[in-house]
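Positions are given from 1, in the same order as the sequence printed here.
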Amino acid sequence: MTENTYDAIVVGSGISGGWAAKELTQKGLKTLMLERGRNIEHIKGYVNAAKDPWDFAHRGGRTQEMITNYPVLKRDYPLNETNLDLWVNEKESPYTEIKRFDWFRGYHVGGRSLTWGRQSYRWSDLDFEANAKEGVGVDWPLRYKDVASWYSYVEKFVGVNGSRDGLPQLPDGEFLPAMEMNVVEKDVAARIKEHYKLARTMIMGRSANLTVAHNDRTNCQYRNKCWLGCPFGAYFSTQSATLPAAVATGNLTLRPFSIVTKILYDKDTRKAKGVEVLDAETNQTYEFFAKVVFVCASSLNSTWVLMNSATDVWPEGLGSSSGELGHNLMDHHLGVGAAGTIEGYEDKYYYGRRPNGIYIPRYQNWMNDKRDYLRGFGYQGGASRQGWAREVAELNIGADFKDALTEPGLWKMGIGGFGEVLPHHDNKISLDKSTKDKWGLNVLAVDAELKENEIKMRKDMAGDAVEMLEAAGVKEVKSYEGNGVLGRGIHEMGTARMGRDAKTSVLNGNNQVWDCKNVFVTDGSCMTSSACVNPSLTYMALTARAVDFAVKELKKGNI
C-alpha cells in the first residue's frame with residue numbers, strides 16, 4: 001500500500017465516525033480517520049474530570065471574557081469554565097446566521113461524543129412511516145424492521161441501561177439493568193399511570209451509562225460529571241469504546257488537525273478517489289486516497305464537505321443533483337415545560353448524583369390522542385431536593401441561615417419537552433462566500449426557523465406538563481418557555497437526507513450518495529425526519545448497517 005493510500009477514509013471522529021472506524025477496521029480495512037481538531041486521549045485528556053467546584057477559579061461559572069469570546073455558546077448552559085476546551089473557538093470558526101441558530105460544536109477527537117446527553121432511544125415505525133402517511137418531505141427508504149437488528153448490535157456494544165417497558169412507540173432494546181427512580185419519581189409515575197389509564201406513562205430514562213462493568217469498561221460512579229470526560233469509561237464515547245476497538249485491530253490510522261476540504265471526485269470512474277485535507281497547524285494541503293469514504297463530520301459540516309466537492313460537475317456540490325443538498329435542516333425544539341414542589345417526603349433522600357432522569361414517551365397523535373398539529377413530543381426531567389445553594393426567603397445572613405442550609409430543602413419535580421421538527425425545504429444551509437474562517441475557508445450560512453406546526457406544539461408542551469404534574473400531586477406548578485430557537489437541542493439533522501428517489505434525496509437507503517456510490521454519509525445529516533427522541537442511537541445503528549453494506553459491495557467489486 002503506497003503512502004497516503006488506504007482502503008477506507010472516515011471524515012470525523014464523533015459518535016458516527018467512531019462507529020464507522022470501528023466497523024471498517026474490524027472488517028479488515030486499513031482505515032484513515034481524519035479529525036479537524038486536536039487529539040484528546042482517553043483519561044489523560046480529561047484534565048478537569050477529578051476537580052471539585054472549588055478547584056476552579058470561578059467555581060465553574062463564566063467570566064466576562066468568556067462571554068465576549070463565545071457569543072453563541074453564552075446563549076445557554078454549555079458556556080462555563082469546567083469544559084471550555086471541549087467547545088469550538090468561535091473566533092476561529094465562525095458561521096453566518098441569516099436567522100438565529102444556536103450551533104454548539106466540538107472540534108476534537110471524539111467530537112460531541114464527549115459531551116452528549118447519552119439518552120438512547122430506538123425509533124419505531126410511528127417515526128419511520130410518518131412522512132409517507134402525512135405527505136411530509138419524502139418517505140424514509142427503510143422501516144423499523146430494517147434497523148432493529150442493528151439497534152441490537154450497537155446497544156450490546158455501547159451498554160445502554162433501561163427497562164423493558166413494552167411501549168409500541170418506543171421499542172425495547174438490549175438493556176443493562178436500569179437506573180432507579182428516586183422515591184418521589186416512583187410515586188409520580190404511579191399517579192400518572194393511574195390517572196391516565198396507561199395512555200401516558202413515565203419511565204426511567206434509557207442512557208448510555210454503564211450500570212454494570214461492560215466490555216472492559218467500569219460501571220458508572222454516580223458522579224454526574226459526564227461532560228468533563230469519564231476516566232472510568234462509564235459512558236459511551238469514541239474514546240472509551242469505538243476508538244480502542246478500532247486501534248486494537250492494527251488497521252487504524254488517526255490523523256488529528258486535518259480539515260477535510262473536499263472529496264476528490266473522478267469524472268471518468270464516477271467515484272471518489274479520496275479527500276483533500278488542509279493541515280490545521282501548518283496550512284499545508286495533502287491528498288489521501290481510498291476505495292470508500294465515510295463522511296461523518298456532524299450534520300452541517302458533512303454537508304459543507306459535500307458542497308465543496310465536485311463543483312466542476314455539480315455547481316452546488318457532490319450529491320446536489322436532486323436540489324436537496326443543504327435543505328431540510330431539523331433539530332429538536334425544547335425549553336418548554338413545568339415544575340413545582342412536592343410535599344410529604346421530607347424524611348427521604350437519594351444516593352449519589354444519578355447522571356440520568358425520567359422520560360415520558362410521546363403520546364400525542366398516537367392512539368386516541370389527536371392534536372391540531374402533526375407529530376409530537378416527549379418529556380425529560382426528574383425530582384430532586386434543593387441543596388445548600390438555595391435561597392431561604394426569611395433568612396439571608398447569620399447563624400440561623402447557616403443552620404437552615406445544613407438540611408436539604410424542598411423536593412421539586414420538573415419536566416421539559418423535546419418536540420419534533422418537521423423537514424422544510426426552506427430550512428437550509430448554504431456557503432457564505434463572503435466570510436472566511438481562520439484557514440481562509442468559506443463558512444456556512446444558516447437560514448432556518450421553527451414553523452407553525454412547532455409553535456402550536458409548544459403550547460401543549462407547556463400545558464400538558466402542568467396538567468400531568470398537578471394530576472400527580474405536585475404543588476405550585478408553573479410552566480416555563482424559553483427561546484424556541486433551532487440549534488438549542490444540539491441535535492442537528494437533515495441537509496443530506498436519505499430517500500427512495502435520486503430526484504428528491506441525497507442518499508439512498510444504504511446511506512450511499514446517489515451521485516457517487518463509494519461515498520457514504522451516516523451522521524445526522526442523513527436523517528429524513530427528526531422524531532422527538534434523542535437521535536444518536538439511530539446514527540450508530542445506521543452507520544454500522546451502512547459499513548456492512550459497503551464492505552460487502554467492495555468485496556463484490558460493485559464500488
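The structure places CD1 of I192 at 6.5 Å from CG of L469, a figure rounded to the nearest 0.5 Å. Between the CG atom of L537 and the CE atom of M540 there is a distance of 5.5 Å, given to the nearest 0.5 Å.
Remark: E553 CD is packed, more than 12 non-hydrogen atoms of other residues, nucleotides or ligands lying under 6.0 Å away. Annotation for R371: atom CZ counts as buried by contact number, over 12 foreign heavy atoms lying within 6.0 Å.
Side-chain N or O atoms of E134 include none that pairs as donor or acceptor with a backbone N or O of N131 at under 3.5 Å.
If you check the side chains of S207 and N161, you find a donor sitting under 3.5 Å from an acceptor.
Residues R112 and T238 have side chains not in contact (no heavy-atom distance under 4.5 Å, counting atoms from C-beta outward). Between M457 and N453, the closest side-chain pair of non-hydrogen atoms falls below 4.5 Å.
The distance between the ring centers of F128 and W123 falls below 6.0 angstrom.
Between R223 and G229, the shortest heavy-atom contact is NH2-O, 4.5 Å.
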Report task. Could you please spell out the steps behind the ring pair (Phe, Tyr, Trp, His ring centres under 6.0 Å) verdict for Y196 and Y363? Result -> CA-CA 11 Å; Y196 292 101; Y363 53 84; 7.4 Å; no

Report task. Would you sort out whether S240 and Y235 count as a side chain to side chain contact (heavy atoms under 4.5 Å, CB included), showing the intermediate values? Result -> CA-CA 8 Å; S240 70; Y235 74 80; 5.7 Å; no

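Between Y349 and W411, the angle of the ring planes lies from 30° to 60°, which puts this pair in the tilted group.
Residues forming a side-chain contact (heavy atoms from CB on, under 4.5 Å) with T522 (at least two apart in sequence, or on another chain): S16, F294, C296, N511, T543, A546.
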